[in-house]
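Only a predicted model underlies this, so the values are computations on that prediction, with no experimental measurement involved. Naming convention: chains lettered A, B, ... in sequence-line order (proteins, then strands); numbering from 1 in each chain.
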Amino acid sequence: MIDLRLLRDDPDAVRASQRARGEDPGLVDVLLEADAARRSALGRFESLRAEQKSLGSQVAKAKGEEKAALLARTKELSAQVKAAEAESTAASADVDRALLALSNVVHPAAPVGGEEDFRLIEEVGEKPSFDFEPRDHVDLGKLLGAIDLDRGAKVSGSRFYFFVGVGALLANAIVRCAQDYAVREGLIPVLPPVLVRPEAMEGTGFLGQAAENVYAMPDDGLYLVGTSEVPMAAYHMDEILDAGALPLRYAAYSPCFRREAGAHGRDTRGIIRVHQFDKVEMFVFCRPEDAEAEHEKLLAHEKAFLGLLELPYRVIDVATGDLGASAARKFDCEAWVPTQGKYREVTSTSNCTDFQARRLKIRTRDESGTRPVATLNGTLAAVPRLVVAILENFQQADGSVRVPAALVPYVGREALEPVAAR
RNA sequence: GGAGGAUUCGCCUAGUGGCCUAGGGCGCACGAUUGGAAAUCGUGUUGGGGGCAACCCCUCGCGGGUUCAAAUCCCGCAUCCUCCGCCA
């Protein structure tokens with residue numbers, strides 16, 4: 001959630017941000033009104049309550065007739081206090097609801113517009129040129145006995161798959177390589193839970209616009225996370241972090257679950273868009289003034305890891321309309337997918353400023369008191385899309401695939417070779 | 001799944017309806033003392049909100065209820081601990 005003080009002091013800035021996102025600027029006025037109503041209701045309750053407390057202590061000391069008279073007055077007051085409290089509670093709930101509906105204020109440097117209005121920052125690496133007709137990752141996966149989509153659909157439905165044989169080895173190699181990279185860079189490795197309570201889901205902003213993409217377990221009141229950003233953001237929920245401990249930098253490895261509602265017909269072939277995949281996600285808690293520098297660091301890690309895998313990619317500055325509720329700014333790295341002739345998103349890093357921390361009550365304490373921290377997240381390695389990029393970019397005419405040098409020790413071989421069909 | 005017990009400030013603890021405006025200890029911070037330190041003494045030390053301010057309100061795991069008044073009584077829930085059963 002955003003800072004109510006910012007909203008009071010500079011509502012135009014928030015309206016402008018909403019407009020840039022293509023969201024409703026009218027929410028700002030709803031919130032301003034609710035805030036005013038809450039403050040006046042709170043004032044009424046507080047003065048009545050103060051009177052009740054002071055009379056209460058007189059009742060304790062009084063005796064006889066005096067006491068009876070006081071009791072009559074306090075009885076009446078009690079009902080008024082109760083009513084005023086209910087009013088003030090309701091007004092607070094209105095504010096909370098309005099506050100949760102409002103997205104983070106966008107960063108001034110983020111390009112304004114929709115999905116297509118991103119700013120290209122750079123292109124890195126060389127796109128492969130083939131003197132043969134390149135196969136797509138589905139054909140390669142079949143040829144190598146690495147990806148079994150037919151049986152994935154049989155067992156679990158569309159958008160599910162089995163990694164088999166060298167596919168399983170490659171997937172694990174990517175993860176282990178990413179973990180080792182993270183540890184070398186001083187990030188703390190984590191294996192988080194992937195079922196979380198509503199507070200964690202709500203706090204990270206995934207129950208708003210993105211709710212339809214979340215798997216819910218209603219019998220247990222839990223949600224399956226779409227990214228380990230969720231458990232990691234909530235990891236320090238309700239805590240006050242010592243200023244000396246910041247920044248806290250984690251790299252969490254977990255499966256991710258996405259319903260992909262509203263994506264019917266998109267990327268139906270292959271494993272670009274799936275319901276379940278493994279990912280190593282970086283997550284940072286830092287002082288708000290350090291957030292931009294940390295964001296640059298996360299982007300640098302993403303680029304370094306893609307470089308390690310020798311993949312050609314580009315970096316874009318995501319436009320305001322495509323940021324998601326929590327992010328003020330977002331950079332995507334997109335790997336080249338030869339058979340699509342396109343760059344496709346493989347990693348994404350978001351600066352959520354203090355938006356998530358405010359919802360999750362994650363603060364830091366220093367000389368100036370307590371205040372919310374900033375949170376940032378970034379993909380280090382999303383397995384299926386990296387498998388796609390590796391298979392397609394490094395394929396040879398005979399259907400074999402060269403393993404990038406950094407992964408060779410983890411995969412245990414220098415090339416993936418075609419196998420007989422099973 | 002069943003039976004018990006617990007949850008109060010960073011930590012330990014007092015508290016069984018009004019003198020709790022939550023006491024004490026440890027730790028921490030600042031000050032006094034000292035050549036400097038230890039010890040000692042003093043002061044401060046949950047978090048959130050409202051108000052220009054003085055100051056006020058909320059906060060004893062969470063949510064309800066009883067009462068003029070709840071840390072305290074009642075109901076529900078959560079988490080942790082112990083034991084039993086079942087399972088990996």
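Searching all strands for a Watson-Crick or G-U wobble partner of B:A69 with both distances below 3.5 Å returns nothing. Using N1 to N3 plus N6-O4 or O6-N4 for Watson-Crick, or N1-O2 and O6-N3 for G-U wobble, each under 3.5 Å, B:C60 pairs with nothing. Remark: B:U45 base-pairs with B:G27. Criterion, Watson-Crick or G-U wobble with two distances under 3.5 Å. Using the Watson-Crick or G-U wobble rule with both distances under 3.5 Å, B:U79 pairs with B:A6. Pairing partner, B:U21: none, since no Watson-Crick or wobble contact has both distances short of 3.5 Å. When both distances must be under 3.5 Å, the Watson-Crick or G-U wobble mate of B:U40 is B:A32. The nucleotide B:C86 finds no pairing partner, because no Watson-Crick or G-U wobble arrangement with both distances shorter than 3.5 Å includes it.
Of the two residues contacting RNA chain B, namely A:F45 and A:I240, the nearest-nucleotide position lying further toward the 5' end is that of A:I240. Each of A:R197 and A:T89 lies near RNA chain B, and the nucleotide nearest A:T89 is the one positioned closer to the 5' end.
Looking at A:T379 and A:K279, their side chains never bring a donor and an acceptor atom within 3.5 Å of each other. Using a 3.5 Å distance cut-off with no hydrogens or angles, the side chains of A:N104 and A:S326 do not pair a donor with an acceptor.
Between the CZ atom of A:R365 and the P atom of B:U45 there is a distance of 13 Å, given to the nearest Å. Taking atom CD of residue A:E199 and atom P of nucleotide B:C77, one finds them 17 Å apart after rounding to whole Å.
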Salt bridge (charged side-chain N to carboxylate O under 4.0 Å, His left out) between A:R39 and A:D35, worked out | CA-CA 6 Å; A:R39 281 196 283 174; A:D35 180 44; 3.6 Å; yes
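A:R38 comes within 4.0 angstrom of the backbone, heavy atoms only, and of no base. Residue contacts shown for A:R8 are limited to sugar-phosphate atoms, with no base heavy atom under 4.0 Å away. Residue contacts for A:K82: at a heavy-atom cut-off of 4.0 Å it reaches the sugar-phosphate backbone alone, with no base atom in range.
For the side chain to side chain donor-acceptor pair (under 3.5 Å) with A:D317, the lone residue among A:K330, A:H107, A:R329 that qualifies is A:R329.
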